[in-house]
Each structure stands twice: as C-alpha cells, then as structure tokens.
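Treat the numbers as computed from the prediction; the structure is a model and nothing was measured. Chain letters run A, B, ... following the sequence lines, proteins first and then strands; every chain starts at 1. As a basis for the values below, the full set of heavy atoms in this structure was taken, side chains included, without hydrogen atoms, waters or symmetry mates.
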Amino acid sequence: MSSLILRTTLRLILPILLLYSVFLFFRGHNHVGGGFTGGLVAGAGFALYALAYRVSDLKQLIKIEPQTLLSVGLLISLVAGLIPVLGNKNFLSGEWITISMPRFGDIALGTPLLFELGVYLVVVGATLTILMNLMEE
Amino acid sequence: MNVTTTPWFDVVINLVFLTMGINFFITFIRLAKGPSVADRVVALDLIAALAVGVIALYAVATETSLYIDCALALALVAFLSTVAFAQYLMRRRGDQHE
C-alpha cells in the first residue's frame with residue numbers, strides 16, 4: 001500500500017513508538033513495563049513500517065534476520081541467568097553493580113536488566129518473524 | 001490548589017463517566033448494526049478512542065499517573081489496528097475488481 005498520508009504519519013509516530021518502547025524497557029523491574037511490553041511496542045512500530053512500505057523495505061531497515069535476533073536474545077537471557085551461578089548463587093538470582101557517574105548519580109546495573117534485554121530481543125524477533133511470514137503471503 | 005479538593009469535582013467526574021458510558025452504548029449500536037465492514041471498523045476505532053478517554057479520566061479520578069501510560073500505549077496500538085483493517089479492506093476490494 002503506497003499511501004502518502006500513512007508514510008508522513010509514520011515519520012511522526014515511529015520515533016515516538018520506539019522511544020516509548022525503550023522507556024517501557026528501562027522502567028521495568030521497579031514499575032509497570034519491562035522487556036516484554038517494550039518489545040511488543042517496538043514490534044508494533046515495525047508492523048506499521050511494513051504496512052506503510054513493503055515487507056522487503058522492513059528487511060532492509062532492520063538488516064538482521066529476525067531469527068538471529070530471537071536466538072541472540074535467548075542467549076543473553078541464559079548468560080544473565082548463569083552469571084550468579086559463577087558466584088555460588090542460585091540460577092537467575094539478581095546480581096547488582098552500582099556505577100557512579102560524575103554529574104549523573106548512581107546507576108544500578110544488574111543481571112535482571114540483562115535478562116530483560118534478552119526478553120526484549122526475543123519478543124521483537126518473534127513479532128517480526130510472525131509478521132514477515134504472514135505479510136509475505 | 002489541588003484539583004480534587006474543588007467542590008464539584010466528584011459530580012463532574014461522575015457526569016463525564018456517565019457521558020462516556022452513553023457514548024460507548026451508541027457506538028456499540030453502530031458496531032452491531034453497521035451495514036458494511038467499513039462502518040464497523042470506524043466504530044471499533046471510535047471505541048478505542050473512547051477507551052483512551054475513559055482511562056485518562058480514571059487516571060484523573062484516582063490520581064494515578066500510571067494509567068496515562070496505558071492510554072498512550074492503547075492510542076498508538078489502536079492506530080495500528082485501524083491501519084491494518086484499512087489495508088485488509090483495500091486488498092479485498094482489489095480482489096473483487098479482478
């Protein structure tokens with residue numbers, strides 16, 4: 001479908017959708033949000049792109065195969081689960097490091113963030129896989 | 001001054017909820033009767049917009065800002081669903097002409 005209105009709207013909405021998905025991703029763990037919802041919102045944005053242009057254009061935009069995204073996400077989640085095991089803790093228990101940045105305050109980085117990143121990539125990859133296969137028919 | 005302490009706040013909130021309920025009812029009639037598929041898609045889009053309004057209203061009534069984010073997500077996804085429906089309708093019409 002080649003609609004000029006949709007393409008112009010997409011130029012406004014796609015950045016908002018992607019920014020909102022990153023916002024949801026980082027707000028997870030403490031508040032509503034997380035990797036799953038963030039990934040779904042990003043997937044919705046890519047779906048809109050595929051609707052406004054063509055599926056082949058979406059493939060050019062992402063450049064990575066969705067299946068690769070999916071498997072890398074699973075691997076990241078597995079690594080996040082295995083890091084505490086190295087420190088003689090249970091599988092998937094949380095390990096936190098606090099990084100002090102000048103002028104920015106303390107940033108708490110932990111394995112839950114890494115796990116959520118894996119979930120995010122898995123959800124985006126799964127959404128794109130389903131989308132591309134359905135829309136190419 | 002806090003909005004929720006103004007004297008007519010509860011009355012106004014209830015009135016707007018009632019109005020939104022009537023809106024939903026009228027839109028559902030169009031959704032059920034709708035002679036063509038396009039009418040139903042427009043009704044669905046309107047229902048999503050009304051839902052965004054109700055969620056925002058609920059956020060004001062309960063003073064919880066988290067619901068505003070829900071309304072934002074719903075508004076973005078509802079737009080996507082309407083566009084997808086429109087494309088489906090266009091494709092189907094194209095098939096009929098052939």
Side-chain angles (χ1 to χ4, degrees), chain A residues 1-55 57-58 120 123-124 127-128 130-137, chain B residues 3-4 13 17 20 31 34 36-98:
Chain A
M1 187 162 68
S2 57
S3 159
L4 185 66
I5 301 171
L6 186 57
R7 285 181 187 186
T8 316
T9 319
L10 182 84
R11 218 173 288 164
L12 285 172
I13 279 191
L14 188 60
I16 297 175
L17 269 169
L18 292 181
L19 193 69
Y20 188 60
S21 97
V22 173
F23 165 72
L24 276 177
F25 167 66
F26 279 115
R27 202 180 54 170
H29 192 67
N30 292 329
H31 287 284
V32 185
F36 190 84
T37 22
L40 274 183
V41 171
F46 289 132
L48 205 58
Y49 189 88
L51 277 175
Y53 294 88
R54 278 185 310 260
V55 182
D57 294 321
L58 180 64
Y120 185 96
V123 172
V124 170
T127 317
L128 287 177
I130 296 169
L131 200 83
M132 284 175 176
N133 284 321
L134 278 180
M135 288 185 71
E136 267 179 350
E137 278 180 7
Chain B
V3 188
T4 48
I13 285 283
F17 266 125
M20 286 308 236
L31 184 68
S36 68
V37 188
D39 289 324
R40 293 201 166 96
V41 173
V42 171
L44 270 177
D45 192 42
L46 185 55
I47 283 174
L50 285 175
V52 171
V54 166
I55 293 170
L57 188 64
Y58 195 72
V60 175
T62 58
E63 291 184 78
T64 316
S65 60
L66 269 178
Y67 294 125
I68 299 284
D69 298 339
C70 293
L72 183 61
L74 184 61
L76 289 167
V77 173
F79 172 70
L80 172 71
S81 72
T82 311
V83 170
F85 261 125
Q87 199 198 25
Y88 168 72
L89 285 178
M90 268 178 70
R91 198 181 288 169
R92 220 180 51 165
R93 183 185 288 174
D95 286 346
Q96 277 175 357
H97 279 301
E98 280 166 11

Please classify the contact between L66(B) and chain A as side chain, backbone, both or neither, with a heavy-atom cut-off of under 4.5 Å. side chain

Residues pairing under salt bridge (charged side-chain N to carboxylate O under 4.0 Å, His left out) where one sits in residues 32-41 of chain A, two or more places apart or in two chains, turn out to be none

Got a second to check how far Y88(B)'s OH is from L51(A)'s CG, nearest 0.5 Å? 14.5 Å

Residue pair L24(A) / D69(B), side-chain heavy-atom distance below 4.5 Å: no

Would you be so kind as to tabulate the donor-acceptor pairs closer than 3.5 Å made by side chains of residues 42-62 of chain B, with sequence neighbours excluded?
residue : atom : partner : partner atom : Å
D45(B)  : OD1  : T82(B)  : OG1          : 2.7
T62(B)  : OG1  : Y58(B)  : O            : 2.8
T62(B)  : OG1  : T64(B)  : OG1          : 3.2

For S65(B), check side chain to side chain donor-acceptor pair (under 3.5 Å) against everything at least two apart and list the hits. none

Close approach to chain B in residues 36-47 of chain A, criterion heavy atom under 4.5 Å: A44(A), A47(A)

Shortest non-hydrogen separation from Y20(A) to C70(B) and the atoms involved: OH-N, 4.4 Å

